[in-house]
Amino acid sequence: MSEQHAPLVSVRELRKHYHLNGGLLRKGVAVKAVDGVSFDIHRGETFGLVGESGCGKSTLGRAILRLFDITSGEIHFAGQEIAQASERQLKPLRKRMQAIFQDPYSSLNPGMTVQQLIAEPMQIHGYRREEQQTRTEFLLEKVGLKREHLQRFPHEFSGGQRQRISIARALSVRPEFVLCDEPLSALDVSVQAQVVNILQDLQEELGLTYLFIAHDLSMVRHISSRIGVMYLGKLVEVAPADALYQHPAHPYTRALLAAVPQPDPRIRNLEQATLRGEIPSPTAALPGCHFCSRCPHAMPVCQTQEPTMQEIAPGHFTACWLFRT
Ligand SMILES: Nc1ncnc2c1ncn2[C@@H]1O[C@H](COP(=O)(O)OP(=O)(O)OP(=O)(O)O)[C@@H](O)[C@H]1O
Ligand SMILES: [Mg+2]
């Protein structure tokens, strides 16, 4: 495959387990935050990632950026294997992958001006002064901020404006890949649409690839080309955005969709009852399907054997025994 057509990000059997100390006389337990995830993100696409709180979305996104050491598995970025890369080996790749987080207030240093915040990543990566200046002005305009904002501090802005500053800062070093970890969740609905528009315009203009983590299923449908659904550290379904909403396959996906207002009444009450059960602990050793304790369709095989991903329609994958042929 040529470099242009190969996926920008390719993840295989990725695991990130946190080892918790069990205390005196007790064996430590492992939180399996990400537990064997495989998927690709194509150049120029937005891959949406959804799932309940604690299912491992942020851990997966941060693992791809190698913000910490992973437990096992492969991560390829632009053709390079980075799962085991050292910090020194990662340095030249760092500017090619950036992140925008949910709370721009805690991710922006309150003691720095907007100008300093946008320029800092460029200083770290050795951009010349004039280049920093031109790039700052370009991005300021793109995110809809004004020149007079440059000398102000983060606390002088609204949440939406702070997220605009985070976007400009993340894009200053010309990344190809941007992890957007719930960048809209702290914003008012009216402001969410503005920030989405900025992200989409910039994606088109700069050819960016996004991994977009979201709680809001209607927003993620709107902006994603493909969507992955996570449950307890695993991907249970991956599909083109429209296919996921029109023909959700995995009982967990159907239950998630049932919880959001749907224009299509056939989807609305599909699996309303299923999400009542408790989510098993992420430290539990589950031999079969992780969802089976809450699944209305669970069969004996689901308790004992873990289903693997199977393609059920072009580009539509799910890990569920109901779809095994
Ligand atoms: N540093 C850590 N040490 C121990 N456990 C952790 C750590 N970070 C995350 N976890 C655990 O890993 C699991 C996945 O967490 P993660 O933050 O990735 O979930 P998430 O899907 O992003 O949730 P949310 O939607 O609330 O942001 C959770 O059980 C969490 O408690
Ligand atoms: Mg998270």
Side-chain angles (χ1 to χ4, degrees), residues 9 11 13-23 26-39 41 46-73 75 83 97-107 159 163 166 170 177-187 192 195 199 210-221 223-224 226-238 244 250 252-253 255-257 259-260 275 277-286 289-291 293-294 319:
V9 176
V11 171
E13 286 298 312
L14 182 65
R15 288 188 164 75
K16 175 64 186 178
H17 296 178
Y18 291 105
H19 293 278
L20 305 180
N21 194 337
R26 279 190 30 222
K27 227 176 116 205
V29 288
V31 174
K32 296 172 183 167
V34 173
D35 197 27
V37 165
S38 303
F39 73 117
I41 307 175
T46 296
F47 188 97
L49 193 59
V50 299
E52 283 167 291
S53 182
C55 69
K57 304 179 296 296
S58 297
T59 306
L60 175 57
R62 287 162 200 233
I64 292 172
L65 259 52
R66 278 298 317 278
L67 298 185
F68 42 68
D69 288 340
I70 62 154
T71 304
S72 64
I75 306 165
M97 30 165 96
Q98 293 286 315
I100 303 164
F101 295 107
Q102 174 175 346
D103 179 3
Y105 202 57
S106 61
S107 55
Q163 204 53 293
S166 304
F177 176 64
V178 184
L179 164 66
C180 305
D181 190 350
E182 308 221 27
L184 311 174
S185 305
L187 307 178
Q192 288 183 356
V195 173
L199 286 170
Y210 293 146
L211 173 58
F212 198 101
I213 298 175
H215 261 111
D216 181 333
L217 289 170
S218 46
M219 189 61 89
V220 85
R221 175 182 190 171
I223 63 166
S224 307
R226 292 186 305 135
I227 296 175
V229 181
M230 263 187 106
Y231 186 74
L232 268 182
K234 294 183 186 287
L235 271 178
V236 297
E237 188 159 359
V238 173
L244 189 90
H250 198 284
Y252 177 63
T253 309
L256 268 189
L257 290 179
V260 289
L275 282 182
E278 292 270 304
I279 307 185
S281 158
T283 59
L286 302 166
C289 170
H290 285 186
F291 188 59
S293 63
R294 299 166 88 193

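Nothing here was measured: the structure is a model prediction, and the numbers come from that model. Remember, it's 1-based here, ligands and their atoms both numbered in the order they're listed.
Using a 4.0 Å heavy-atom cutoff, Gly56 is listed among the residues neighbouring ligand 1. In this structure, Lys16 falls outside the shell of residues with a heavy atom less than 4.0 angstrom from ligand 1. In this structure, His215 counts as a contact residue of ligand 1, since one of its heavy atoms falls inside 4.0 Å of the ligand.
Of the protein's non-hydrogen atoms, Ala33 CB, 3.3 Å is the one closest to atom 12 (O) of ligand 1. With hydrogens left out, the protein atom closest to atom 25 (O) of ligand 1 is Lys57 NZ, 2.8 Å, a heavy atom. The protein non-hydrogen atom at the shortest distance from atom 7 (C) of ligand 1 is Tyr18 CE1, 3.3 Å. In terms of protein heavy-atom proximity, atom 26 (O) of ligand 1 is closest to Ser53 OG, 2.5 Å. At the top of the distance list for atom 29 (O) of ligand 1, counting protein heavy atoms only, stands Pro282 CG, 3.5 Å.
A side-chain N or O of Thr253 and one of Glu237 form a donor-acceptor pair less than 3.5 Å apart.
Results of the side-chain contact (heavy atoms from CB on, under 4.5 Å) test with Ile213 over Asp181, Val50, Leu60 single out Asp181 as the only residue that passes. For the pairing with Phe47, the ring-ring contact (aromatic ring centres under 6.0 Å, His included) check across Phe39, Phe212, Tyr210 returns one residue only, Phe39.
Of the listed residues (Cys55, Ala63, Ser58), the one carrying the non-hydrogen atom nearest atom 22 (O) of ligand 1 is Ser58.
For atom 9 (C) of ligand 1, a protein heavy-atom neighbour is present inside the 4.0 Å cut-off. Contact annotation for atom 16 (P) of ligand 1: protein present (non-hydrogen atoms, distance under 4.0 Å).
Geometric assessment of Lys234 against the ring of Tyr231 yields a negative cation-pi assignment under the 6.0 Å and 45° thresholds.
Residue Gly54 has at least one N or O atom closer than 3.5 Å to an N or O atom of ligand 1.
Panel note: side chain Gln192, backbone Ser185; no donor-acceptor pair is recorded below 3.5 Å. Listed for the Lys57 side chain is a donor-acceptor partner under 3.5 Å among the backbone atoms of Glu52.
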Phe101 vs Glu182, side-chain contact (heavy atoms from CB on, under 4.5 Å): CA-CA, chis, key distance, verdict: CA-CA 6 Å; Phe101 295 107; Glu182 308 221 27; over 6 Å; no
Step-by-step salt bridge (charged side-chain N to carboxylate O under 4.0 Å, His left out) determination, Lys16 to Asp35: CA-CA 7 Å; Lys16 175 64 186 178; Asp35 197 27; over 6 Å; no
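Not a single N, O or S atom of Thr59, from either the backbone or the side chain, sits less than 2.8 Å from the Mg ion (ligand 2).
When heavy-atom distances to ligand 1 are checked against a 4.0 Å cut-off, Thr59 comes that close through both its backbone and its side chain.
Between the NE2 atom of His17 and the OG1 atom of Thr59 there is a distance of 11.0 Å, given to the nearest 0.5 Å. In this structure, CG in Leu14 is found 7.5 Å from OG in Ser72, a value given to the nearest 0.5 Å.
Residue-ligand proximity, Val31 to ligand 1, at heavy-atom distances under 4.0 Å covers atoms 11 (C), 12 (O), 29 (O).
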